[in-house]
There are 2 protein chains.
Amino acid sequence: MSSIINPFNVVPKYHQLAAILKRKIDEGDWKTHTPIPSERQLEPLYNVSRATIRQAIDLLVRQGYLYREHGRGTFVSPQKLQKGIQELTSFSEDMLSRGMKPGQIILEVAEVEPTDQMRQRLEITSNTQKLTKIDRVRTGDGTPMGIQTSYLLLPQGQSLTREEVEVNGSIYSLMSEKFHLIPTEADETLEVVLATPREAELLDIAESSPLLLTERTTYSQNRRPFEFVKILYRGDRYKYFARLTRLISQ
Amino acid sequence: MSSIINPFNVVPKYHQLAAILKRKIDEGDWKTHTPIPSERQLEPLYNVSRATIRQAIDLLVRQGYLYREHGRGTFVSPQKLQKGIQELTSFSEDMLSRGMKPGQIILEVAEVEPTDQMRQRLEITSNTQKLTKIDRVRTGDGTPMGIQTSYLLLPQGQSLTREEVEVNGSIYSLMSEKFHLIPTEADETLEVVLATPREAELLDIAESSPLLLTERTTYSQNRRPFEFVKILYRGDRYKYFARLTRLISQ
DNA sequence: CAGTGGTCTAGACCACCGG
DNA sequence: CGGTGGTCTAGACCACTGT
């Protein structure tokens with residue numbers, strides 16, 4: 001919680017500086033749409049070069065905390081933009097951020113053959129590659145929110161058991177601990193579909209009620225896909241949030 | 001279309017270099033998951049310093065074209081990740097990217113009092129501030145795709161006419177040309193709703209059909225909101241696409 | 001070990017903005 | 001005009017990867 005930079009710390013200086021500046025914003029020392037000290041003013045304050053200061057500010061600009069105006073200065077972004085830049089989250093994290101307790105009812109854990117759609121999405125070329133299917137009803141505060149069906153591409157010879165999934169609510173933490181697969185990016189689509197009889201029963205709604213279907217392909221550190229997930233959300237209980245950015249540069 | 005950097009060009013060197021590297025990727029000179037030349041190898045090739053090369057690569061990494069692995073090299077991302085990083089687009093751009101011709105039927109252009117929801121979303125404090133409402137049916141290849149209702153916060157005393165909206169299909173280009181308001185970021189939510197009789201008639205569907213409702217607040221260069229838009233999409237014709245990223249750094 | 005990307009410095013000049 | 005962020009250089013050392 002110090003506000004000086006330790007040059008011997010393993011944490012890079014620009015991360016340390018970004019944390020210091022972020023705290024000033026979070027604690028309200030600097031107000032919305034007002035300028036922070038200029039880059040050259042910050043140099044002697046923290047004993048770092050201007051390039052390092054720019055790296056720290058770059059981080060906060062990308063996270064939506066600050067914005068720059070050429071020739072004028074660097075300013076504090078309004079609160080609205082300070083939260084949740086288009087983030088990749090698990091169902092569990094998503095529920096927690098909405099203030100609800102995540103839960104699950106496991107329907108099935110099994111090895112399956114990939115369909116053509118999955119082969120394409122998961123970039124599978126081998127003919128023997130199997131997938132691990134996990135079918136679950138996801139709940140928020142105990143009531144059914146959606147049906148989640150995951151297809152995992154595990155490292156060859158590896159597998160997951162129903163017990164592991166039961167104990168460890170979040171698949172992402174399981175994947176990370178057991179296989180060192182960490183999600184970094186994902187493609188996601190959303191569309192409206194109507195509930196089949198089975199889905200209606202699982203979600204405790206009327207047949208043909210509208211559902212929000214999201215399909216996601218998740219990529220790990222080396223940009224290889226390792227997961228294809230379908231989630232069917234109850235249309236009356238779920239709202240999707242996104243943060244969009246316009247790329248300026250060409 | 002040159003592949004050398006012009007130091008006298010007004011375009012920064014790192015943008016020129018990024019364009020050159022991007023072309024090599026697009027044209028298939030460098031293949032997926034193979035390393036590009038190292039940063040120190042690129043220095044003499046393009047006569048720029050390593051810092052400039054890193055800036056160029058940073059651009060392409062952020063746009064999803066390349067990824068880095070510490071101690072190993074910089075690699076070409078798979079095609080999947082090379083398109084459309086979570087982008088903020090207008091309805092017109094969105095339709096064009098889906099290969100359809102965008103069109104519109106203007107229902108109403110008028111000055112209105114902001115509701116409380118709009119005052120909050122558009123950060124309005126003044127009591128006299130009016131909004132410009134534009135209500136339109138949007139079409140793709142001639143068939144109705146959705147109903148778009150925009151509420152614009154124009155600079156004081158300014159206004160838009162029905163004719164201007166008619167001529168200039170995209171509001172964004174109008175806002176940019178006339179008021180120098182350029183969209184840079186937006187918050188967006190998506191949910192499922194059921195069509196009212198009026199909406200069903202406008203979209204040529206049955207009453208109570210499921211619709212995809214998106215609500216968006218758009219921010220300009222200085223992070224001030226200037227637009228609040230609701231779009232009701234036909235659930236059977238529209239699919240939403242998103243690219244998610246996990247923020248690694250703290 | 002050599003080669004890679006990651007961090008950092010101390011300087012320079014430019015383009016833009018406001019008074 | 002002076003102050004701001006934007007670009008660029010030529011170095012340096014570190015941390016990580018593979019052989």
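If you're wondering where the values come from, they're calculated on a predicted model, not measured in any experiment. These numbers come from the heavy atoms of this one structure, side chains and all, not from hydrogens, waters or symmetry mates. Chain letters run A, B, ... following the sequence lines, proteins first and then strands; every chain starts at 1.
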Original post:
Is the backbone of B/Val11 close enough, under 3.5 Å, to the side chain of B/Gln16 for a donor and an acceptor to pair up by distance?
Top reply: yes
**OP:** Using chain A heavy atoms and a threshold of under 4.0 Å, write down where along DNA chain C the contacts begin and end, 5' to 3'.
**Re:** C/dT7 to C/dG18
Original post:
Tell me: OH of B/Tyr14 to P of D/dG5, nearest whole Å?
Top reply: 15 Å
**OP:** Anything under 30° is parallel, anything over 60° is perpendicular, the rest tilted; go ahead and classify A/His33 against A/Tyr67.
**Re:** perpendicular
**OP:** Would you mind reporting whether A/Gln129 and A/Leu153 have side-chain heavy atoms less than 4.5 Å apart?
**Re:** yes
Subject >> Residue-level proximity of residues 42-57 of chain A to DNA chain D when a heavy atom falls under 4.0 Å >> reply: A/Arg50, A/Arg54
Subject >> Interatomic distance, A/Asn9 CG vs D/dA15 P [rounded to whole Å] >> reply: 12 Å
**OP:** Check whether any side-chain heavy atom of A/Phe228 sits under 4.5 Å from a side-chain heavy atom of A/Gln117, and report yes or no.
**Re:** yes
Subject >> Residue closer to the 5' end of DNA chain D, A/Val10 versus A/Glu39 (nearest nucleotide) >> reply: A/Glu39
Under 3.5 Å, which protein N or O atoms sit close to an N or O of nucleotides 17-19 of chain D? Give each pair with its distance.
none

Original post:
At under 4.0 Å between heavy atoms, what does B/Gln41 touch on the DNA or RNA strands: base, sugar-phosphate, or nothing?
Top reply: sugar-phosphate
Original post:
Does any N or O in the side chain of B/Lys230 come within less than 3.5 Å of the main-chain N or O of B/Tyr151, such that one atom is a donor and the other an acceptor?
Top reply: no
Original post:
Tell me, do A/Leu60 and A/Ile57 make a side-chain contact under 4.5 Å, heavy atoms counted?
Top reply: no
**OP:** Give a yes-or-no answer on whether the side chains of B/Arg223 and A/Ser77 include a donor-acceptor pair shorter than 3.5 Å.
**Re:** no
Original post:
Hey, what do you get for CG (B/Leu160) to CE (B/Met175), rounding to the nearest 0.5 Å?
Top reply: 6.5 Å
Original post:
Is A/Glu39 salt-bridged to A/Arg54, cutoff N-O under 4.0 Å?
Top reply: yes
Original post:
B/Asp187 and B/Tyr219: side-chain hydrogen bond (donor to acceptor under 3.5 Å, both in side chains), yes or no, with the steps?
Top reply: CA-CA 9 Å; B/Asp187 289 326; B/Tyr219 301 82; 3.3 Å; yes
